[in-house]
Q: 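There's a structure below that I have some questions on.
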Amino acid sequence: MKKQILLFLAGITLALTATAQTVNQQSGWAAWFHSQKFSKKTGLHFDFQVRSADDLEYVRNILIRPGFTYFINDKLNATVGYALIITDEPNREALTESRIWEQFIVTYKLGKIPLTHRFRLEQRFINQANGDDAFSQRLRYFFRSVIPLQKQNTPAFSKGAFVALQNEVFLSIQNQPNGYLFDQNRLYLAAGYRLNPKMDLEAGYLNQSIKGAAVNTNNNIFQIALYTRF
């Protein structure tokens, strides 16, 4: 656990110690995360996200990410999938990025608190404004904890209010678009409500700290998210 906390803090430290000029933005994200089991061992992952430009001026990004999941056991699963990201900016054609991605998730409990660790590798095929395509690979480490705010009468958290805390570090490990290993960090704190064992609704603040080639970006984001599990 000590090592995990150090990794968590390392991501925040990297984000806060950037020395280049920083641009501050405020935006909004809406997301739907879904997992669907076909059998004890197989299932589907899907998420759909809409992200605004600065000051909610327009929709900048649309992300569609399906994947096929294999459940090794109740605590371990692996997924391979595809992602399409559409980026729109004023006075130019929308750009697209295609990704092939692989991930491994570990879940367990520390006392009564559930913890999730996710390791994701992405192969990114990025359409650029000059018409060329660029390729890079990125490694992501994600940590999340959902803490119920009231005593549960069942072994698993099935209903009620909760607080969610998560952090994700992004590292470009091949052909860095910004010229650095560190790409970005996302720190998130949210309040939510579990409607039933299969559905959560949450809203919170996400700080996205992006390392740019010349200018860094600090994005203050209000996010609302729906989680479904069937």
Side-chain angles (χ1 to χ4, degrees), residues 8 11-12 14-16 18 20-35 45-67 81-99 101 103 116 118 120 122 124 126-127 129 138 140-147 149 161-170 177-178 182-195 199-212 215-229:
F8 180 88
I12 301 173
L14 284 169
L16 296 177
Q21 178 185 351
T22 299
V23 173
N24 290 295
Q25 296 185 355
Q26 292 77 39
S27 60
W29 292 6
W32 173 39
F33 301 95
H34 178 69
S35 59
H45 167 90
F46 179 79
D47 66 273
F48 176 78
Q49 301 183 39
V50 177
R51 303 171 179 175
S52 82
D54 188 23
D55 293 331
L56 306 177
E57 289 186 357
Y58 58 91
V59 174
R60 174 185 285 163
N61 303 108
I62 295 175
L63 184 150
I64 303 168
R65 183 162 41 208
Y82 169 78
L84 174 66
I85 299 90
I86 302 170
T87 300
D88 192 18
E89 296 287 359
N91 304 317
R92 77 175 192 195
E93 291 186 5
L95 302 178
T96 61
E97 177 183 339
S98 293
R99 297 177 191 167
W101 55 277
Q103 73 179 25
T116 299
R118 185 182 72 199
R120 179 180 289 175
E122 298 175 324
R124 308 175 67 197
I126 307 167
N127 181 225
R138 187 166 66 182
R140 301 166 57 165
Y141 166 68
F142 168 98
F143 169 86
R144 176 177 168 92
S145 179
V146 173
I147 305 170
L149 295 181
F162 64 85
V163 171
L165 174 66
Q166 69 186 51
N167 192 71
E168 186 169 19
V169 182
F170 295 65
N178 63 358
F182 177 69
D183 178 73
Q184 62 178 281
N185 191 83
R186 296 179 186 175
L187 177 64
Y188 178 61
L189 177 64
Y193 193 85
R194 180 156 294 178
L195 302 172
M199 187 176 298
D200 296 350
L201 183 64
E202 69 178 38
Y205 168 75
L206 190 153
N207 179 263
Q208 180 188 35
S209 182
I210 303 172
K211 177 69 174 176
V215 178
N216 300 330
T217 302
N218 181 60
N219 194 5
N220 299 294
I221 301 160
F222 172 75
Q223 176 172 284
I224 184 168
L226 173 67
Y227 293 80
T228 53
R229 301 168 291 273

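Below, each value reflects all heavy atoms present in this structure, side chains not excepted, and no hydrogens, waters or symmetry copies.
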Q: Starting from the C-alpha separation in whole Å, work towards a yes-or-no answer on side-chain contact (heavy atoms from CB on, under 4.5 Å) for L84 and S98.
A: CA-CA 5 Å; L84 174 66; S98 293; 4.3 Å; yes

Q: Salt bridge or not for R138 and E97, using N-O below 4.0 Å?
A: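 Salt bridge absent between R138 and E97.
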
Q: Taking side chain as C-beta onward, heavy atoms only, is Y205 less than 4.5 Å from L189?
A: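 No; the side chains remain at least 4.5 Å from each other.
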
Q: Strictly distance-based, threshold 3.5 Å: is any side-chain N or O of S52 a donor or acceptor partner for the main-chain N or O of G28?
A: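 Yes: the side chain of S52 pairs with the backbone of G28.
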
Q: Minimum heavy-atom separation for L56 to S27, with atom names?
A: CD2-C, 3.8 Å

Q: Hey, are the side chains of N207 and I221 touching, using non-hydrogen atoms and a 4.5 Å cut-off?
A: no

Q: Between Y193 and M199, is a side-chain contact (heavy atoms from CB on, under 4.5 Å) present by the stated rule, with each step listed?
A: CA-CA 9 Å; Y193 193 85; M199 187 176 298; over 6 Å; no

Q: Would you please test F170 and R186 for side-chain contact (heavy atoms from CB on, under 4.5 Å) and show each step?
A: CA-CA 8 Å; F170 295 65; R186 296 179 186 175; 3.5 Å; yes

Q: Any salt bridge linking R229 with D200? Criterion: basic side-chain nitrogen under 4.0 Å from a carboxylate oxygen.
A: yes

Q: Working to the nearest 0.5 Å, report the span between CZ of R65 and CD of E122.
A: 6.5 Å

Q: Do F46 and I64 have side chains that get closer than 4.5 Å, going by heavy atoms?
A: yes

Q: Which value, rounded to the nearest 0.5 Å, describes the distance between Y188 atom OH and R144 atom CZ?
A: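 It comes to 6.5 Å.
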
Q: Give the ring-plane orientation class for W101 versus H45, where under 30° counts as parallel, over 60° as perpendicular and anything between as tilted.
A: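 It falls in the perpendicular class, over 60°.
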
Q: From F33 CZ over to E202 CD, what is the distance, rounded to the nearest 0.5 angstrom?
A: 8.0 Å

Q: Does E57 CD have over 12 foreign heavy atoms under 6.0 Å away?
A: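 Yes - once you tally the heavy atoms of other residues, nucleotides and ligands closer than 6.0 Å, there are more than 12.
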
Q: Only one of D88, V50, T87 forms a side chain to side chain contact (heavy atoms under 4.5 Å, CB included) with R60, so which one is it?
A: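 Of all the options given, the one that passes is T87.
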
Q: Quick check: do E168 and R118 have side-chain heavy atoms less than 4.5 Å from each other?
A: yes

Q: Is there side-chain contact between I147 and F162, with at least one heavy-atom pair below 4.5 Å?
A: no

Q: Roughly how far, to the nearest 0.5 Å, is OG1 of T96 from CD1 of I62?
A: 12.5 Å

Q: Quick check against the 3.5 Å criterion: does D54 have a side-chain atom that pairs as donor or acceptor with the backbone of Q26?
A: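 Side chain of D54 to backbone of Q26: a pair is present.
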
Q: Rounded at 0.5 Å granularity, tell me how far NZ in K211 sits from CG in D183.
A: 11.5 Å

Q: With rounding to the nearest 0.5 Å, note down the distance linking CG in N178 to CD in Q184.
A: 9.5 Å

Q: Among side-chain atoms of T22 and N218, is any donor-acceptor pair under 3.5 angstrom?
A: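 There is no such pair between these side chains.
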
